[in-house]
Novice: 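Have a look at the structure that comes next, please.
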Amino acid sequence: MLLRRPGYETLVVEVGEDCVGTIILNRPEKRNALSSRVVSELLGALRELGEDERVGALVFTGAGERAFAAGADIAELREKTMLDALSPAMQALCEEIEGSDKPTIAAVNGYALGGGCELALACDLRIAAENARFGLPEVSLGILPGAGGTQRLSRLIGRGRALELVMTGRLMDAREALSAGLVSRVVPREELLGAARELAGQILSRGPLAVRLARLAVRAGGEADQATGLLIERLAQAVLFASEDKREGTAAFLEKRPPEFRGR
Ligand code: COA
């Protein structure tokens, strides 16, 4: 059963018995464009679910058949000034998503453009429906992708491919996104949310502290030189070797029973 959290106008926020929190962008008539209201509600939902110990992982998706999110709200964008761009709420939101303690999955249905694509890029994992289309079309509007798109896309798929998307604004379909490594899986539309929850469930069944530190090692190590990355890996492993979860995981394997991890 899914319990719906009250207090959101532009989002549907639900938490299932499987401990997966789902944040659904809910302005399908505007292709889930990221207005300032949406961005502030996203920040609120992220914090609410982030602080909720019952929630183990977060899935982001879009309502309707056409879009995950069609980027910044262009009507609002038209009025924005240089000073607004110096403290970009959407860039801060993406940093908060990336810095979340909980695993994050973008379940991309339809268009993920501009800020929508950048939101997906800030998540740990991206899975796509067959109708997903990714792109950073900002140059068509005379601006650049300002919510991390110039940085995260090239780190994920390589500078050449990223520059092509950033400089032309062309869109990539789900198949191309899969071969580029932008998404890790493509599924039929009707299976998308189920597949995202299942993926979250798999992660949640593993040692929580191990998942948390492995994720940290990949993320922090990826931003450092290899020797520093290996040092982070060693230190994280040393923490895990002192954990109850490691004792439980190894004992459960040897006793041929499922582990009961406690996240410490
Ligand atoms: N900001 C504000 N409104 C948007 C929007 C956006 N980013 N994207 C779509 N909309 C609105 C349209 O203005 C339209 O509103 P209306 O019904 O009041 O006229 C409604 O959503 C439907 O859009 P439409 O273009 O008819 O839908 P579509 O399904 O044919 O096309 C897209 C979908 C996403 C391809 C197209 O809407 C688009 O290119 N959007 C802009 C994408 C973009 O440049 N994003 C980067 C922003 S920095």
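These numbers were taken from a predicted model, which means no experiment stands behind them.
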Novice: Does CZ belonging to R219 count more than 12 external heavy atoms closer than 6.0 Å?
Specialist: yes

Novice: Hey, does the side chain of N32 reach the backbone of A67 with a donor-acceptor pair shorter than 3.5 angstrom?
Specialist: yes

Novice: Let me see the working for E118 and R152 under side-chain contact (heavy atoms from CB on, under 4.5 Å), right down to the final yes or no.
Specialist: CA-CA 8 Å; E118 291 169 302; R152 291 193 180 94; over 6 Å; no

Novice: Does CZ in R189 sit with more than 12 non-hydrogen atoms of other residues, nucleotides or ligands closer than 6.0 Å?
Specialist: yes

Novice: What distance separates L58 CG from D52 CG, expressed to the nearest 0.5 Å?
Specialist: 10.0 Å

Novice: V13 and A45: which non-hydrogen atoms are nearest, and at how many Å?
Specialist: CG2-CB, 3.9 Å

Novice: Say you draw a straight line from CZ of F134 to CG of L113; how long is it, rounded to the nearest 0.5 Å?
Specialist: 10.0 Å

Novice: Hey, what do you get for OG1 (T61) to CD1 (I23), rounding to the nearest 0.5 Å?
Specialist: 11.0 Å

Novice: Is any NZ, NE, NH1 or NH2 atom of the basic residue among D245 and R212 found under 4.0 Å from an Asp or Glu carboxylate oxygen of the other?
Specialist: no

Novice: Exactly one of K30, E41, R37 should register a side chain to side chain donor-acceptor pair (under 3.5 Å) with T10. Which one does?
Specialist: E41

Novice: Distance from C19 atom SG to R197 atom CZ, nearest 0.5 Å?
Specialist: 12.5 Å

Novice: So that I can tick it off, tell me whether R185 and E198 are bridged by a salt bridge, with the cut-off set at under 4.0 angstrom between side-chain N and carboxylate O.
Specialist: no

Novice: Indicate yes or no: does E9 engage R27 in a salt bridge with an N to O separation below 4.0 Å.
Specialist: no

Novice: Any salt bridge linking R175 with D173? Criterion: basic side-chain nitrogen under 4.0 Å from a carboxylate oxygen.
Specialist: no

Novice: If you measure from CD on E14 to CE on M1, what distance do you get to the nearest 0.5 Å?
Specialist: 11.0 Å

Novice: State yes or no: do Y8 and L93 share one hydrophobic cluster built from I, L, V, M, F, W and Y residues joined by side-chain heavy-atom distances below 4.5 Å, directly or via other members?
Specialist: yes

